[in-house]
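Right, one structure below, let's go through it.
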Amino acid sequence: MTVVETDRIEMAEESDERTLDSMFEWLEKMPVPEGIKTEIVGGNIFMSPQRDTHWDIVADIFEQLRGTYSRRRLKSDVRVDFPGHLNGFAADVLALREDAPKDSKGNWLFEGVEFVAEVISKGTAVNDYGPKKDAYAAAGVPVYLIADPYSGECHVFRSAANGVYGSKLTVLFGTDIDLTDTPVGLVLHTREFPRD
């Protein structure tokens with residue numbers, strides 16, 4: 001019996017009460033190849049490879065945010081648990097408040113998140129446009145950006161209230177996105193975002 005088979009049996013023998021911690025502990029034991037992003041959305045495990053286009057957009061956003069945020073306040077592919085059933089997300093880019101809190105285990109809490117950017121992958125796009133957007137709104141994340149290299153568009157969601165974003169802006173790659181009136185405090189340039 002391989003390690004993965006043993007873990008699968010042990011997980012099945014546990015109660016039906018899964019926790020994000022137990023699911024991530026199980027994932028850490030799996031032989032997930034380098035370059036594969038893993039996250040849990042609504043209790044379902046998603047794994048997707050990072051493409052050059054994906055990484056180029058993530059790096060571009062990260063570099064621009066360095067104008068406002070220190071390196072320690074910017075995260076990529078770091079687990080943060082969000083409201084909803086078993087939502088342990090690893091956002092492509094995440095910016096934290098200066099005083100962002102952590103839990104007793106040292107994990108960042110969603111209450112400290114000011115900005116999230118997700119770059120669409122074909123296999124997980126439905127999550128970014130659906131349950132993840134809903135969870136970010138429920139968490140009160142002030143700015144949620146979706147960069148879609150397939151359509152060449154960015155979708156910016158703002159003004160979260162009562163679990164819903166009140167404002168949505170869609171722009172083509174190449175258009176500047178003014179975020180100066182948000183906690184992000186800058187104009188995000190998309191002219192160098194590549195397309196798939």
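The backbone N or O of E153 lies less than 3.5 Å from no partner atom in the side chain of D148, so there is not a single donor-acceptor pair. Checked by atom type and distance alone, the side chain of T190 pairs as donor or acceptor with a backbone atom of T175 at under 3.5 Å. A donor-acceptor pair under 3.5 Å is formed between the side chain of Q64 and the backbone N or O of H189. Under a 3.5 Å cut-off, the side chain of R158 and the backbone N or O of S167 do not form any donor-acceptor pair. Looking at N107, its side chain never comes within 3.5 Å of a backbone N or O of D103 through a donor-acceptor pair. Between the side chain of T68 and the main chain of V184, a donor-acceptor pair closer than 3.5 Å is present. Between the side chain of R66 and the backbone N or O of Y69 there is at least one donor-acceptor pair closer than 3.5 Å. A donor-acceptor contact shorter than 3.5 Å links the side chain of S76 to the backbone of D92.
A single hydrophobic cluster is seen to contain both V93 and F193, as judged by linkage of ILVMFWY side chains at heavy-atom distances under 4.5 Å, directly or through other members. In the hydrophobic cluster analysis, where Ile, Leu, Val, Met, Phe, Trp and Tyr join through side-chain heavy atoms closer than 4.5 angstrom, F110 is grouped together with V116. Under the 4.5 Å side-chain heavy-atom criterion for Ile, Leu, Val, Met, Phe, Trp and Tyr, V58 and V78 are members of distinct hydrophobic clusters. Under a hydrophobic clustering in which Ile, Leu, Val, Met, Phe, Trp and Tyr are joined whenever their side-chain heavy atoms come within less than 4.5 Å, directly or via other members, V143 and V119 fall into the same cluster. The hydrophobic clustering, which links ILVMFWY residues whose side-chain heavy atoms are closer than 4.5 Å, places L65 and I177 together.
K133 has no carboxylate O lying under 4.0 Å from a charged side-chain N of E118, or vice versa, which leaves the two without a salt bridge. A salt bridge does not link K132 with D134: every distance from a Lys NZ or Arg NE/NH1/NH2 to an Asp or Glu carboxylate oxygen is 4.0 Å or more. Ion pairing between D99 and R97 holds under the 4.0 Å rule for side-chain N and carboxylate O. Taking the charged nitrogens against the carboxylate oxygens, E111 and K102 have no contact shorter than 4.0 Å, which rules out a salt bridge.
Residues F173 and P194 come closest through the heavy atom pair CE2-O, 3.3 Å. Nearest heavy atom pair, residue C154 against residue L145, reads CB-CD1, 3.8 Å. Scanning all heavy atoms of the two residues, the minimum distance from W108 to V80 falls at O-CG1, 3.8 Å. Between A135 and P83, the closest heavy-atom pair is CB-O, 3.6 Å. Shown here for A137 and G163, the closest heavy-atom pair between the two residues is CB-O, 3.4 Å. In terms of heavy-atom proximity, D128 sits nearest to I146 at O-CD1, 3.5 Å.
For the atom pair CD1 of I61 and CG of D56, the computed distance is 11.0 Å after rounding to the nearest 0.5 Å. The OG1 atom of T53 sits 3.5 Å away from the CG atom of D196 when rounded to the nearest 0.5 Å. To the nearest 0.5 Å, atom CG of residue N87 and atom OH of residue Y136 are 9.0 Å apart. Expressed to the nearest 0.5 Å, how far CG of L186 lies from CZ of F115 amounts to 8.0 Å. Interatomic distance, I120 CD1 to I57 CD1, rounded to the nearest 0.5 Å: 10.0 Å.
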Should L96 and V113 be marked as a side-chain contact (heavy atoms from CB on, under 4.5 Å) after you check the CA-CA gap, both sets of side-chain angles, and the distance that decides it?
-> CA-CA 5 Å; L96 299 163; V113 176; 4.0 Å; yes
Going through the checks in order, is the side-chain contact (heavy atoms from CB on, under 4.5 Å) test met by R195 and Y150?
-> CA-CA 6 Å; R195 292 188 61 157; Y150 302 103; over 6 Å; no
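With a 6.0 Å radius and a threshold of 12 heavy atoms from other residues, nucleotides or ligands, D181 has its CG atom above the threshold.
Between H155 and L169, every side-chain heavy-atom pair lies at or beyond the 4.5 Å cut-off. For the pair T180/V187, a side-chain contact is recorded, criterion being any heavy-atom separation below 4.5 Å from C-beta on.
Relative orientation of the F89 and F82 rings is parallel, given thresholds of 30° and 60° on the angle between their planes.
Under the rule for a ring pair (Phe, Tyr, Trp, His ring centres under 6.0 Å), F62 has no partner lying at least two apart in sequence or in another chain. Partners of F157 under the ring pair (Phe, Tyr, Trp, His ring centres under 6.0 Å) rule, at least two apart in sequence or in another chain, are Y144, Y165.
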